[in-house]
2 protein chains.
Amino acid sequence: MATISDVASLAGVSTATVSRALNGKSTVDPELAARVLAAARELGYQPNGPARNLRRQEAAVIALIISDVENPFFTAIARGVEDVAHAVGYSVVLCNADENADKERRYVDVAIQERVAGVIMSPTPTATNVDLLINRGTPLVAVDRPLPERPSDTVLVDTRLAAREATEHLMTQGYQRIGCVTGPSGVRTADDRLAGYRDALRAARMKSSPRLVRRTEFKAAGANRAAQDLLAQPEPPDALLVANSAMAIGVLAALNEASRRPGRDVGVVAFDDVPWAELVDPPLTVVAQPAYEIGTVAAQLLLARIADNTRAATTTTLGARLIERESSHRGDLP
Amino acid sequence: MATISDVASLAGVSTATVSRALNGKSTVDPELAARVLAAARELGYQPNGPARNLRRQEAAVIALIISDVENPFFTAIARGVEDVAHAVGYSVVLCNADENADKERRYVDVAIQERVAGVIMSPTPTATNVDLLINRGTPLVAVDRPLPERPSDTVLVDTRLAAREATEHLMTQGYQRIGCVTGPSGVRTADDRLAGYRDALRAARMKSSPRLVRRTEFKAAGANRAAQDLLAQPEPPDALLVANSAMAIGVLAALNEASRRPGRDVGVVAFDDVPWAELVDPPLTVVAQPAYEIGTVAAQLLLARIADNTRAATTTTLGARLIERESSHRGDLP
DNA sequence: CTGAAAGCGCTAACAC
DNA sequence: GTGTTAGCGCTTTCAG
C-alpha cells in the first residue's frame, strides 16, 4: 500500500506538498500539483484514514444509530441523512441498536472511539452513555424521540397531534369504542401516540378505558397478542389506533383470524405509510410521517453544529398526514 | 479526552502496561492491572480508535455494502452479519450502495481508506473498484450475487432452481401462459430467476415467448409498468413469476387496477417472504430465501478469511423454500 | 510557495 | 512482568 512518502519521492517533492496538493488546501504550484496527482494515480495511492483521523482528531464520518433496520420508517430517515451528508463529503455509517440499550451503548462507544464528526440517533428510553458524547462535545442530534433529560438538537414529528387527528377521524366515521395498541412505556413516540388518542377521547367526552389500551414492543408478534386479547373481551373495541407498521401487521392478522373485517367490523388506522398499505384488503388508513425529511433536517442540523457547536439547541417538529383508505370506513350499513 | 499516558501516570505505571492491561494481552500483575482499570474508569478513558488502527494497521470493523437498505431481504442479511460479527468483537458498518455503481465505488474507497478488516458486499454488475480491495488483499465475501469475473468467497441462493420450482408449481396449478417480471439484465439474481423460469417451460415443452417476459429495476414502479404492459396484450399471461418483493407490490397493484384477482385470474408467485405476504388478499405465494442465514454464513466465511487469507475461495449455495398461499391457487372453477 | 520536522495516541519489539 | 522507545501515515506549524 503506497503512502504519502512514496508519492512524494515519485513526484520529487516533500510529503508536505503532497498533502497540500491532495487536499487542495493552501496554494500549490499548479505544475507540482499535477506531478503529485500523476504520481498518486500511478501508485494507486489511497490515503490512510486512521492516520489522517489521528492527526486531524476527527473523522469525516457521521454515525447514525437507529432503533430498527427492519423498520421502513428508520431506513427512510437513513436515506435522508445519507443524501445530505454525502453531498458535503461525509460518509454515514448505519448502526442498528435494535431498541436495545446494550447495543446502543456499544455503538455510542464505537462512535466516540472512532472520533466521528457527529452522531444522529433515535435514543432508547435510557439513552445510557450519551453523556459521554455530550461531555466530549460531540455534535449530536436526536431524531424521532428526544434525548431524555438532556437538551440537544432534535427532530420530531408532532405525533401526539397526529394520533389525536387519527382518533377523531375514527370517531367521525362512527366508531364508538376505539382502542389503542402502542409501544413500550417510556418510549416517547409510544407515549405521545397514546396521549393523542386520549386527547381525542377527552375532547369528545368519550370514556377512556384502560381495557381498550395495550402496550407492547413495536413488533408484529406483540401487537398480534395484544389485538387478540382486545378482541376476546366481552366488550371489544370497534376501532383501533395502531402505533407503527410492524404492529399493524400483527393487528391485521389478529383481525383476520377472528374473522373481523377491517373497516366494516373494526376500524383501523396505523402509523407509517408503507408500500403495501394499499394492497391489503381493505386498504389501510395510515398516518404518514415525513421520514425522509426527518433525515435531511437532522443531517443539516448536525452539519451546522459541527461547524459551530455553540449554537443553541433547537427542536424541529414536522407534521404528519392522515391518508384515508378503506380500513377506517365503515362502508354502507345494512 | 484522557489518553493512555494520563491513565499511566495516574496508575503510576508505564503506557505499555496500561496498553497490556486494557487489552488483556500478555500477562500483567493482577494488582497493577486493577490499578490501571481503576485509573481508566476514573478518567473516563476511551481508547483512541484511529491511533489504535493506525498502529495495528487494521480496524476491528467489517463493512457491509448492500444494494438497498429498504429491501427487507438485505436488512435480514445485515442482522445475520451483525449477530456473528458482534459475538467476536467486530463492529459492522452498513453502507447503502443503492444499486448504484458510483455509491458502491465510494463505499469501497471508504472501506479501503479506513482499513476495515473485511468487506461483505452484494456487488453491482460492474463491481467497479473491487480490484483495489482484492489487490490490497482485503478479505472479501460476496453475497446474493457473485463478483463478476473474480473468484471470491461467495454465499448464494440457488435461485435458478427456486425459480424453476416456482414456475412448475404454477404449471401444476393449471396456469397456461406464465410470464415473468425480473430485474435488470446483468444482475445475476435477475438473470438466474429468468433462466429458472425458462428451464421449467422448456422441461414442460411449453413455448417461451419474449412477450411474456419483462425486465426492469428491482422496484415497485418499474414492475407496475411492466405488469400493466403485460396485461394489456392481446394474449396476456395467466400467471406471473415476480423476482422480488418490491416488484410484487407493483405487480399486485397493477392487477388490482386491472380488476384481475390474483390466483383466480392471474397466478402470482414472488420472491422473498415478507411480513405482509399473508395479509394481502389473497395471501401471496412466495419463494422464501434464507436471508438471515446468508448473513451468518457470510460473516463466518469472512472471519475465517481474516484469520487465514490463503484459504481457497468457496461458494456456499443455500436453498430457498416455496411457501404456497392463495395467490397461486386457481380456486374452484365454476 | 515549499520543505523539515514535530507529534497525534497507541502497540509491540526489545531490553531489563 | 514491566519499562523504554520507535514508529504507524498523516497534517501542520515554522522557517526559509
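Below, read A as the first sequence line, B as the second, and so on, with proteins coming before strands; counting in each chain starts at 1. Remember, predicted model here, so these are calculated numbers, not experimental data.
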Thinking salt bridges, do A:R105 and A:D102 make one under a 4.0 Å N-O criterion? yes
Provide, to the nearest angstrom, the distance between the CG atom belonging to B:L43 and the P atom belonging to C:dG9. 14 Å
Could I get a table of every N or O pair under 3.5 Å where one atom is in the protein and the other is in nucleotides 10-12 of chain D?
{"residue": "D:dC10", "atom": "OP1", "partner": "A:Y45", "partner atom": "OH", "Å": "2.4"}
{"residue": "D:dC10", "atom": "OP1", "partner": "A:N48", "partner atom": "N", "Å": "3.2"}
{"residue": "D:dC10", "atom": "OP2", "partner": "A:I4", "partner atom": "N", "Å": "2.4"}
{"residue": "D:dT11", "atom": "OP1", "partner": "A:N23", "partner atom": "ND2", "Å": "3.3"}
{"residue": "D:dT11", "atom": "OP1", "partner": "A:R52", "partner atom": "NE", "Å": "3.0"}
{"residue": "D:dT11", "atom": "OP1", "partner": "A:R52", "partner atom": "NH2", "Å": "3.3"}
{"residue": "D:dT11", "atom": "OP2", "partner": "A:S19", "partner atom": "OG", "Å": "2.9"}
{"residue": "D:dT11", "atom": "O2", "partner": "A:R55", "partner atom": "NH1", "Å": "2.3"}
{"residue": "D:dT12", "atom": "O4'", "partner": "A:R55", "partner atom": "NH2", "Å": "3.2"}

To the nearest angstrom, how far is A:N53 atom CG from D:dC8 atom C1'? 14 Å
For A:R305 and A:P139, work out which heavy atoms get closest and say how close. CG-CB, 3.8 Å
Rounded to the nearest Å, what distance is computed from the CD atom of residue A:Q113 to the P atom of nucleotide C:dG9? 15 Å
Does a side-chain N or O of B:Q57 approach OP1 or OP2 of C:dT11 to a distance below 4.0 Å, or not? no
List the atom of A:V187, the atom of A:P125, and the distance in Å for their closest heavy-atom pair. CG2-CG, 3.7 Å
Using a strict cut-off of less than 4.0 Å between a Lys/Arg side-chain nitrogen and an Asp/Glu carboxylate oxygen, indicate whether A:R79 and B:D98 qualify as a salt bridge. yes
Closest to the 5' end of DNA chain D, once A:M1 and B:S14 are matched to their nearest nucleotides, is B:S14
When you check the gap from the basic side-chain N to the acidic O, do B:E82 and A:R106 get nearer than 4.0 Å? no
Given the rule in the side-chain hydrogen bond (donor to acceptor under 3.5 Å, both in side chains) test, do B:S5 and B:T15 qualify, once you have shown the distances and angles that lead to the verdict? CA-CA 6 Å; B:S5 4; B:T15 59; over 6 Å; no
